[in-house]
Amino acid sequence: MHRSGPLSSKAADEVDRTAAAAMGKQRPSQSQQVSREVCSGGGPECQQGSKIQLSRVMRPDDANIKGNIHGGIILKMIEEAGGIVGTRHCNTLNGDRCWVALVRVEKTEFLFPVFIGEVVHVSAEITYTSKHSLEVQVKVVAENILTGTKKLANKAALWYVPCSLQNADKILEVPPITYANAEREEEGRKRYEAQKIERHETKARLEEAMPPPPNPEDAPKERHTVGFSQSSLIHLVGPSDCTIDDYVYGGVTMKLMDEVAGIVSARHCNTNIVTASVDAINFHRKIRKGCVVTVTGRLTFVSNKSMEIEVLVDAASLVNEEKGRYRAVSAFFTFISLDKDNKPLPVPPLKIEGEDEQRRFEEGKARYLQNKAKRLADKERQQ
């Protein structure tokens, strides 16, 4: 054992006593300690490796200029926790080694803003498994380490499928979990069936191409129109964006999507903006290392104090143009405008131009009213 300096006789005696005690009673390994901590309080359905918690302090480069942590940073942490617990679980059986690919994130509410200096704790737990997919539910708690106060900042449900490391197109079977009771299993099965239907419906209606962003050389668009705020980011997928199988992490894509949605909403209202919620994020196709992704956002609906932004991710191989460009991910983000005290501000109305924009506005309004009714119903049940 390497020592930085000589021990005193008293310290040496203490080391000898500790070593002797260890000979009589073997201390649990670090991995065993972690397993117990991960599963503590989990109830009968908790299995080794079915839970995990990640924590880190929020830094200035995680935030906007007002000190609010970007929603994309939180989404990336959520996916990292879900990916770890899902991959670990799916490799508990003998057979092909695999990694889990994110295929869907259910509607996610950003309950409270997170600020620089707070510690974010992300807890992920596998709550349902089908033959070829698994659901991971995640909670995000922000802690002010100066005062000890904690707040539930976010909750999310993610769906993954295990892909073989030998063949990324091969979907493997998921090891089953043990449920606390039959009701828990049935609730999970209903969630599974519902998301599967919605995912297929979303994919079917998202074939329309997103128009290119305005050319800076063209005449400027009128303020508060869809064309004025529409924005795109172009990103070359590198090794640091990818899993060990050279496919993009879902969290990396979600972070880019949140950035684009933030640019769109900031251009529309010219104030401090934060992510309020994200409707279901659907991952239609994988994105491989070396692809160029184009992430485009446009306003679809504006209420008195919120903005809905449709964000679409298209991918294309940089070296093989014959494969063509394809739609990889889609989602609707909702942003709100804040004043200096982080209170919601009114949002400028959206100026509609053309039948397509009017149709998307009405569809967005329907989603807004549906989500508002659901929030009110949930609030009444909790009272």
Side-chain angles (χ1 to χ4, degrees), residues 64-66 68 70-72 75 107-110 113 202 205-233 254 256-282 294-314 327 329-340 342-376:
N64 63 18
I65 58 177
K66 298 294 184 179
N68 302 114
H70 291 295
L75 290 171
K107 181 175 176 62
T108 305
E109 300 281 355
F110 288 77
T202 302
R205 69 171 184 265
L206 276 173
E207 296 304 321
E208 72 169 282
M210 179 75 86
N215 189 325
E217 297 179 358
D218 294 340
K221 296 282 187 177
E222 183 182 357
R223 286 189 63 85
H224 304 142
T225 60
V226 174
F228 179 83
S229 58
Q230 180 179 320
S231 304
S232 293
L233 285 179
M254 290 192 291
L256 291 172
M257 296 172 76
D258 182 79
E259 288 176 3
V260 168
I263 293 171
V264 171
S265 55
R267 282 180 171 169
H268 180 73
C269 57
N270 199 29
T271 59
N272 180 30
I273 48 85
V274 294
T275 315
S277 67
V278 185
D279 267 14
I281 305 175
N282 290 287
T294 303
V295 188
T296 304
R298 62 183 173 193
L299 280 166
T300 51
F301 172 76
V302 169
S303 70
N304 183 40
K305 291 186 178 180
S306 68
M307 297 161 280
E308 182 191 71
I309 301 98
E310 181 181 29
V311 183
L312 302 177
V313 180
D314 294 329
R327 180 66 38 81
V329 193
S330 62
F332 290 97
F333 284 68
T334 298
F335 274 69
I336 57 175
S337 173
L338 300 178
D339 62 16
K340 61 181 180 180
N342 288 314
K343 300 296 183 182
L345 285 171
V347 175
L350 183 63
K351 297 178 181 179
I352 301 298
E353 299 176 327
E355 294 182 1
D356 286 342
E357 290 185 8
Q358 184 63 46
R359 172 181 56 82
R360 288 193 290 270
F361 184 89
E362 295 300 329
E363 292 172 351
K365 183 178 180 179
R367 286 187 292 270
Y368 167 78
L369 294 175
Q370 183 180 21
N371 291 331
K372 185 177 181 179
K374 185 178 183 301
R375 286 196 302 270
L376 292 174

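The analysis underlying the following values was restricted to heavy atoms, covering all of them including side chains, and did not include hydrogens, waters or symmetry mates.
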Student: Please find the pair of heavy atoms, one from Phe228 and one from Arg223, that lie closest to each other, and give the distance.
Tutor: CZ-NH1, 3.4 Å

Student: Can you tell whether the side chains of Glu363 and Arg359 come within less than 4.0 Å, N to carboxylate O?
Tutor: yes

Student: What heavy-atom pair brings Phe335 and Ser265 nearest, and what distance separates the two atoms?
Tutor: CD2-OG, 3.4 Å

Student: Are Val264 and Arg298 side-chain neighbours, meaning at least one heavy-atom pair lies under 4.5 Å?
Tutor: no

Student: Output yes when a side-chain donor or acceptor of Asn371 lies under 3.5 Å from a complementary backbone atom of Arg367, and no otherwise.
Tutor: yes

Student: Looking at residues at least two apart in the chain, or sitting in another chain, which of them share a side-chain contact (heavy atoms from CB on, under 4.5 Å) with Lys365?
Tutor: Phe301, Glu362, Leu369

Student: Is there a donor-acceptor pair under 3.5 Å between the side chain of Ser231 and the backbone N or O of Ser229?
Tutor: yes

Student: Tell me whether the count of non-hydrogen atoms from other residues, nucleotides or ligands lying under 6.0 Å of CD1 in Ile65 goes above 12.
Tutor: no

Student: Show the nearest heavy-atom pair for residues Lys305 and Pro344, with the distance to one decimal.
Tutor: CD-CB, 4.1 Å

Student: Would you say the side-chain atoms of Glu357 pair up with the backbone N or O of Glu353, donor to acceptor, closer than 3.5 Å?
Tutor: yes

Student: Answer yes or no: are there more than 12 heavy-atom neighbours, outside Lys107 itself, under 6.0 Å from its atom NZ?
Tutor: yes

Student: Can you confirm whether Val302 sits close enough to His224 that some side-chain heavy atom of one is under 4.5 Å from a side-chain heavy atom of the other?
Tutor: no

Student: Side-chain contact test, heavy atoms from C-beta onward, threshold under 4.5 Å: evaluate it for His268 versus Pro348 and give yes or no.
Tutor: yes

Student: Would you mind reporting whether Phe332 and Thr300 have side-chain heavy atoms less than 4.5 Å apart?
Tutor: yes

Student: Check Leu312 against Ser330 and note the closest heavy-atom contact, atom names and distance.
Tutor: CD2-CB, 3.5 Å

